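A quick write-up on the structure given underneath.
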Amino acid sequence: MEFRTLPSSLRMAARGLAALLLTTGASAHALVIGVTEGVSYQVTEAQIAPRFEPIAEALSKALKQPVTIKVLISYNLAREALKKKEVDLVFIHPAHVALEAVKSGNYKALAFTAGYTDYKVSFLCKQAQPISDWKTVAGKNLVLPEVDSITSVITRAMLREHGVAESAVKVTNTRFQEAVPFYVTNGFAAYGATASAGVIKTWTDGGGKVCAESRGVPIKQWLMSTKTDAATVATVRETLLGLSQSDAGKRALAASNYTGFVAPTNDSEADLMRWLGI
């Protein structure tokens with residue numbers, strides 16, 4: 001029997017079922033979270049996704065739709081995914097990659113990670129006094145983490161800020177921040193740049209000095225695609241900012257090792273882009 005020959009009551013029921021199926025299909029569309037952590041810490045891909053699964057579950061419950069996680073293990077993978085708009089929401093460690101995505105217009109800041117809004121690079125050294133004349137840094141050996149890490153990006157901004165060309169210092173890059181003090185201790189570098197609180201504490205507890213410090217930068221950000229509808233943006237923002245306010249939210253945060261998320265301060269984005277050379 002053709003559709004047009006069905007009784008009117010059955011035709012109405014069929015249309016209602018079709019509409020329900022379309023609605024269900026739309027709501028079942030998965031929101032994709034991209035996650036990238038730092039390149040200068042020893043974290044593997046297998047360790048990253050489980051840390052964010054409880055947060056994804058909280059978002060899925062709030063949005064009433066599936067939420068999946070896409071681990072972006074390298075910064076270049078993150079850049080490619082952001083360029084192709086493969087993720088709707090992204091948790092991104094390096095400020096420079098986040099700001100690149102914001103500058104492109106494809107994403108906007110949604111939330112910052114509490115405790116990571118004032119990330120500063122310290123210059124470890126043996127000398128007792130802070131650097132007073134940055135011209136004296138020229139010609140010295142400087143050890144940095146991975147060249148594309150936010151620590152290295154901030155260090156280059158520090159040098160520019162003080163009128164020191166990057167080519168004027170002898171740069172050595174080491175894979176992990178934990179290795180930076182070794183170079184200074186053993187005389188392979190006059191300065192070691194790190195932003196790891198643990199590395200800095202161990203260094204100073206052992207009698208080492210910090211002779212320079214950068215301005216603060218927010219480094220662990222949530223970005224949302226600018227194509228996302230306003231209702232979804234509002235729900236995601238409200239959920240992320242509210243996690244630290246409930247027992248269930250705190251349990252979701254526990255796996256991530258973060259204490260919560262806070263509203264971003266977007267008024268500083270343009271200034272940070274200029275300073276970081278983005």
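Just so you know, these numbers come straight off a predicted model, no measurement behind them.
Y116 is not listed as a side-chain neighbour of P218, based on a closest heavy-atom distance of 4.5 Å or more. At least one side-chain heavy atom of V169 sits under 4.5 Å from a side-chain heavy atom of V137. With a 4.5 Å cut-off on side-chain heavy atoms, F112 and T265 count as touching. Put simply, the side chain of V67 reaches to within 4.5 Å of the side chain of I33, judged on heavy atoms. The closest side-chain heavy-atom distance from L272 to I278 is not below 4.5 Å. Counting heavy atoms from C-beta outward, I154 and V217 have side chains that approach closer than 4.5 Å. In this structure, F91 and T36 have side chains that are not in contact, with every pair of non-hydrogen atoms separated by 4.5 Å or more. Looking only at side-chain heavy atoms (C-beta outward), T232 and L31 come within less than 4.5 Å of each other.
Counting only distance, with no hydrogens or angles, the side chain of R237 and the backbone of A263 share no donor-acceptor pair below 3.5 Å. No donor-acceptor distance shorter than 3.5 angstrom exists from the side chain of S60 to the backbone of A56, with no hydrogens or angles considered. R156 places a side-chain N or O within donor-acceptor distance of the main-chain N or O of V147, the cut-off being under 3.5 Å. In this structure, the side chain of T185 engages the main chain of P181 through a donor-acceptor pair within 3.5 Å. Side chain of S122 to main chain of L124: no donor-acceptor pair is present (N/O by atom type, distance under 3.5 Å, no hydrogens or angles). In this structure, T239 contributes its side chain and A62 its backbone to no donor-acceptor pair below 3.5 Å. The backbone N or O of E146 lies less than 3.5 Å from a partner atom in the side chain of S149, making a donor-acceptor pair. Between the side chain of Q177 and the main chain of A195, a donor-acceptor pair closer than 3.5 Å is present.
Residues V184 and V210 share a hydrophobic cluster, clusters being chains of Ile/Leu/Val/Met/Phe/Trp/Tyr side chains in contact below 4.5 Å. Hydrophobic clustering (ILVMFWY, side-chain heavy atoms < 4.5 Å, transitive): V171 and V121 are in one cluster. In this structure, Y107 is a member of the same hydrophobic cluster as F52, with clusters built from ILVMFWY side-chain heavy atoms closer than 4.5 Å. Connection of Y75 to V153 is established within a shared hydrophobic cluster, with ILVMFWY side chains joined at heavy-atom distances below 4.5 Å, either directly or through further cluster members. Hydrophobic clustering places F261 together with V233 (ILVMFWY residues linked when any side-chain heavy atoms are closer than 4.5 Å, directly or through intermediates).
Taking the six-membered ring for Trp and the full ring otherwise, the centers of W134 and F123 sit less than 6.0 Å from each other.
A side chain to side chain contact (heavy atoms under 4.5 Å, CB included) with V35 holds for exactly one of I69, I55, V87, V90; it is I69. Between L82 and the choices V97, V102, L72, the side chain to side chain contact (heavy atoms under 4.5 Å, CB included) rule is met once, by V97.
For the atom pair T117 OG1 and Q221 CD, the distance stands at 10.5 Å (nearest 0.5 Å). Separating the OH atom in Y191 from the CG atom in L144 is a distance of 13.5 Å, to the nearest 0.5 Å. In this structure, S214 OG and E161 CD are separated by 8.5 Å, a value rounded to the nearest 0.5 Å. The CD1 atom of I92 lies 11.5 Å from the CH2 atom of W222; values are rounded to the nearest 0.5 Å. To the nearest 0.5 Å, atoms CD1 (I200) and NZ (K120) are separated by 10.5 Å. One distance of note links OG of S196 with OH of Y119; it measures 7.5 Å at 0.5 Å rounding.
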### Message
Between K103 and M273, is the side chain to side chain contact (heavy atoms under 4.5 Å, CB included) condition met? List the steps.
### Response
CA-CA 8 Å; K103 186 175 182 179; M273 288 178 192; 3.9 Å; yes

### Task
Evaluate side chain to side chain contact (heavy atoms under 4.5 Å, CB included) for S152 paired with N173, printing each intermediate quantity in order.
CA-CA 9 Å; S152 289; N173 292 101; 4.0 Å; yes

#### Entry: side chain to side chain contact (heavy atoms under 4.5 Å, CB included) evaluation trace for T235 with E238
CA-CA 5 Å; T235 300; E238 181 180 348; 5.7 Å; no

### Message
One pair to check against side chain to side chain contact (heavy atoms under 4.5 Å, CB included): E86 and V32. What are the steps and the verdict?
### Response
CA-CA 8 Å; E86 294 175 347; V32 182; over 6 Å; no

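Within 6.0 Å of NZ on K170 lie no more than 12 heavy atoms contributed by other residues, nucleotides or ligands. In this structure, K61 places its NZ atom where only 12 or fewer heavy-atom neighbours from other residues, nucleotides or ligands lie under 6.0 Å away.
Of all the heavy atoms in D88 and A30, the pair that sits closest is OD2-O, 4.0 Å. In plain terms, the two heavy atoms of N257 and R51 that are nearest each other are ND2-NE, 4.1 Å. Taking each heavy atom of A128 and K209 in turn, the nearest pair found is CA-CG, 4.1 Å. What you find for F188 and N141 is that their closest heavy atoms are O-CB, 3.6 Å. Across all their heavy atoms, Y258 and K220 have their closest contact at OH-NZ, 3.1 Å. D133 and T136 make their closest contact through O-OG1, 2.6 Å (heavy atoms, listed as atom of the first residue, atom of the second, distance).
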